[in-house]
Amino acid sequence: MQTYLVGGAVRDELLGLGVEDRDWVVVGATPEQMLARGFTQVGSDFPVFLHPKTHEEYALARTERKQGRGYHGFSVYSAPDVTLEEDLLRRDLTINAMARSEQGELTDPFNGKKDLESRELRHVSGAFKEDPLRILRTARFAARFQPLGFRVCTETMSLMRTMVADGEVEHLVPERVWQEIQRALHEKAPGTFFQILRDCGALDILIPELASNADFQAAINALHCVHANDGSTAERYAALLSRLDEHACLARAKVMKAPNDCQQLARLAAAFTPVINQLDPVQPSAGALLELLEKADVWRRPERFSQLTRVLGCSLDPVDRQHLEALEKAVVAASGVDLQPLIKQGFSGKELGEAIRTERLARIAQAACCSST
């Protein structure tokens with residue numbers, strides 16, 4: 001039985017980066033031997049075990065064989081006769097296909113260290129094309145390491161284009177696509193992820209609404225702005241889709257099975273963009289401002305409204321961003337309506353709601369009037 005540190009931990013160590021997660025491969029062992037040593041089995045598709053003290057993952061060396069389309073079309077073989085090199089051969093990129101023994105010796109059968117030094121993302125073997133999820137993973141690594149000068153090598157990009165043309169991307173399940181997109185949104189250069197997908201043709205399948213140059217560039221600019229402000233996942237996703245039509249935006253978010261908070265914030269950003277563009281820049285209508293605030297459900301969801309204004313601050317054209325100030329002044333003016341005087345006047349039920357709205361409208365109108373004088 002031999003144990004090796006593998007994958008990202010070895011890669012990041014060689015890059016001089018901090019190592020957060022450590023994964024191990026065990027060669028020459030059986031599940032029974034692992035259990036006898038106190039490990040806990042957690043893998044269902046193939047044998048993965050948790051160390052009894054560190055709780056780090058230890059996987060038995062394995063090989064994979066393609067049997068169907070998409071991400072799940074594999075059969076896995078794991079046994080003591082699987083070698084370390086055979087296990088590394090099934091991995092996606094050469095920089096992720098290195099191992100270090102417990103004695104510190106590096107095993108690098110596919111020249112991953114050389115590709116680290118030349119800053120290239122290169123597939124390990126032709127088996128790369130058997131898993132379409134690797135297109136998204138490669139794009140995500142490009143987004144992570146772009147500040148270090150990494151690029152997808154010509155041969156790998158060509159292979160990714162072939163995979164797209166062969167229809168492999170169409171067999172990806174939405175849940176796995178979303179997992180990769182969510183991670184990519186928080187990488188160091190998130191726009192690079194979508195640029196790589198666009199270059200290989202996968203974006204036309206996954207988010208076809210961003211096909212045009214103008215829409216794509218506007219989306220990436222908004223995403224980079226939100227990223228620079230350390231926005232949440234929902235804010236980043238909303239910025240990406242903010243130039244879409246409201247219905248198209250929500251439809252795409254549902255197809256991608258994005259979480260509800262991401263769907264709703266993206267829908268609001270898409271809905272607000274054309275309306276804000278039409279506001280009077282000198283003295284916007286109090287009624288129009290109140291309708292926007294009500295659409296955003298600002299009094300019940302103030303934090304989401306704050307997220308929305310941050311997204312719009314990044315996604316709107318510079319000339320239209322001035323309208324956000326009017327919207328933010330309106331919410332301050334309309335907030336804090338005291339219910340007690342209205343109740344004392346006899347308002348209740350639906351009439352109370354209408355009285356509150358009338359008061360809010362008056363406050364917004366007064367604030368807008370004072371701002372313009």
Side-chain angles (χ1 to χ4, degrees), residues 4 6-8 10-11 14 23 25 27 45-48 59-79 81-100 106-146 150-173 176-177 179-180 183-184 192-193 195-206:
Y4 299 88
V6 294
V10 179
R11 176 200 67 222
L14 291 172
D23 294 317
V25 160
V27 178
D45 297 331
F46 47 83
V48 177
L60 299 188
R62 66 185 188 271
T63 60
E64 296 173 348
R65 178 174 297 179
K66 184 74 168 178
Q67 286 190 324
R69 301 296 292 267
Y71 172 71
H72 292 292
F74 291 90
S75 64
V76 176
Y77 173 74
S78 178
D81 61 346
V82 177
T83 67
L84 176 62
E85 287 74 13
E86 287 174 328
D87 182 272
L88 296 176
L89 179 63
R90 68 175 176 80
R91 298 175 184 266
D92 49 8
L93 302 173
T94 60
I95 65 170
N96 297 329
M98 295 178 284
R100 192 177 292 283
L106 182 69
T107 298
D108 181 18
F110 309 108
N111 298 315
K113 186 178 180 181
K114 179 180 177 182
D115 284 333
L116 280 181
E117 293 168 351
S118 61
R119 299 299 197 250
E120 289 199 299
L121 301 176
R122 185 187 310 277
H123 60 283
V124 171
S125 72
F128 180 98
K129 68 178 182 295
E130 296 175 350
D131 184 359
L133 193 65
R134 289 177 171 175
I135 294 176
L136 278 71
R137 281 176 52 83
T138 299
R140 181 162 59 81
F141 282 120
R144 178 181 303 178
F145 295 126
Q146 187 274 339
F150 276 81
R151 58 178 290 276
V152 180
C153 75
T154 302
E155 296 83 359
T156 299
M157 180 58 75
S158 177
L159 182 57
M160 288 161 60
R161 290 192 181 108
T162 298
M163 294 167 67
V164 173
D166 289 344
E168 281 288 339
V169 174
E170 297 170 16
H171 294 274
L172 284 170
V173 295
R176 289 305 308 234
V177 172
Q179 286 179 14
E180 291 299 321
R183 293 171 182 170
T192 299
F193 172 83
Q195 183 63 60
I196 296 297
L197 294 186
R198 191 168 192 247
D199 290 343
C200 72
L203 194 65
D204 289 342
I205 297 170
L206 299 176

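As the structure is a prediction and not an experimental result, all values here were calculated from the model.
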Rounded to the nearest 0.5 Å, what separates atom [atom1] in [X] from atom [atom2] in [Y]?
{"X": "L172", "Y": "L206", "atom1": "CG", "atom2": "CG", "result": "7.0 Å"}
{"X": "L88", "Y": "S125", "atom1": "CG", "atom2": "OG", "result": "11.5 Å"}
{"X": "R183", "Y": "F193", "atom1": "CZ", "atom2": "CZ", "result": "10.5 Å"}
{"X": "F128", "Y": "T94", "atom1": "CZ", "atom2": "OG1", "result": "11.0 Å"}
{"X": "E168", "Y": "E130", "atom1": "CD", "atom2": "CD", "result": "9.0 Å"}
{"X": "R90", "Y": "Y77", "atom1": "CZ", "atom2": "OH", "result": "14.5 Å"}

Exercise for the section: Determine, step by step, whether L89 and V124 satisfy the side-chain contact (heavy atoms from CB on, under 4.5 Å) criterion, reporting the C-alpha distance in whole Å, the side-chain angles of both residues, the deciding distance to 0.1 Å, and the verdict. Expected result: CA-CA 7 Å; L89 179 63; V124 171; 4.1 Å; yes

Please report the shortest heavy-atom distance between [X] and [Y], naming the atom on each side.
{"X": "A139", "Y": "L197", "answer": "CB-CD2, 4.0 Å"}
{"X": "S78", "Y": "L60", "answer": "OG-CB, 3.4 Å"}
{"X": "V6", "Y": "A99", "answer": "CG1-CB, 3.7 Å"}
{"X": "E85", "Y": "F110", "answer": "O-CZ, 4.1 Å"}
{"X": "D81", "Y": "E86", "answer": "O-OE1, 3.9 Å"}

Exercise for the section: Report the C-alpha distance between M157 and D199 in whole Å, list the side-chain angles of each, state the deciding distance to 0.1 Å, and finish with yes or no for side-chain contact (heavy atoms from CB on, under 4.5 Å). Expected result: CA-CA 8 Å; M157 180 58 75; D199 290 343; 4.1 Å; yes

Handout entry: Backbone N/O of T154 and side chain of S158: donor-acceptor pair under 3.5 Å
Key =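 No; judged by distance alone, with no hydrogens or angles, the pair does not exist.
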
Practice task
Can you spot which of N96, L93, D131 makes a side-chain contact (heavy atoms from CB on, under 4.5 Å) with R137?
Solution key: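 Among N96, L93, D131, the one that satisfies the side-chain contact (heavy atoms from CB on, under 4.5 Å) with R137 is N96.
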
Is any side-chain heavy atom of [X] less than 4.5 Å from a side-chain heavy atom of [Y]?
{"X": "I135", "Y": "M163", "answer": "yes"}
{"X": "V177", "Y": "V169", "answer": "no"}
{"X": "V10", "Y": "L106", "answer": "yes"}
{"X": "R11", "Y": "L116", "answer": "yes"}
{"X": "L84", "Y": "T107", "answer": "yes"}
{"X": "I196", "Y": "M160", "answer": "yes"}
{"X": "M98", "Y": "L14", "answer": "yes"}
{"X": "L159", "Y": "H123", "answer": "yes"}

Problem - Candidate pair E180 and L133, rule side-chain contact (heavy atoms from CB on, under 4.5 Å), full reasoning - result: CA-CA 9 Å; E180 291 299 321; L133 193 65; 3.9 Å; yes

Exercise for the section: Evaluate salt bridge (charged side-chain N to carboxylate O under 4.0 Å, His left out) for E117 paired with K114, printing each intermediate quantity in order. Expected result: CA-CA 5 Å; E117 293 168 351; K114 179 180 177 182; over 6 Å; no

Handout entry: Intermediate values then yes/no, side-chain contact (heavy atoms from CB on, under 4.5 Å), V164 and I205
Key = CA-CA 9 Å; V164 173; I205 297 170; 3.8 Å; yes

Handout entry: Non-neighbouring partners of R122 that pass salt bridge (charged side-chain N to carboxylate O under 4.0 Å, His left out), sequence neighbours left out
Key =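 Scan of R122 (salt bridge (charged side-chain N to carboxylate O under 4.0 Å, His left out), adjacent residues dropped) gives D115, E120, E155.
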
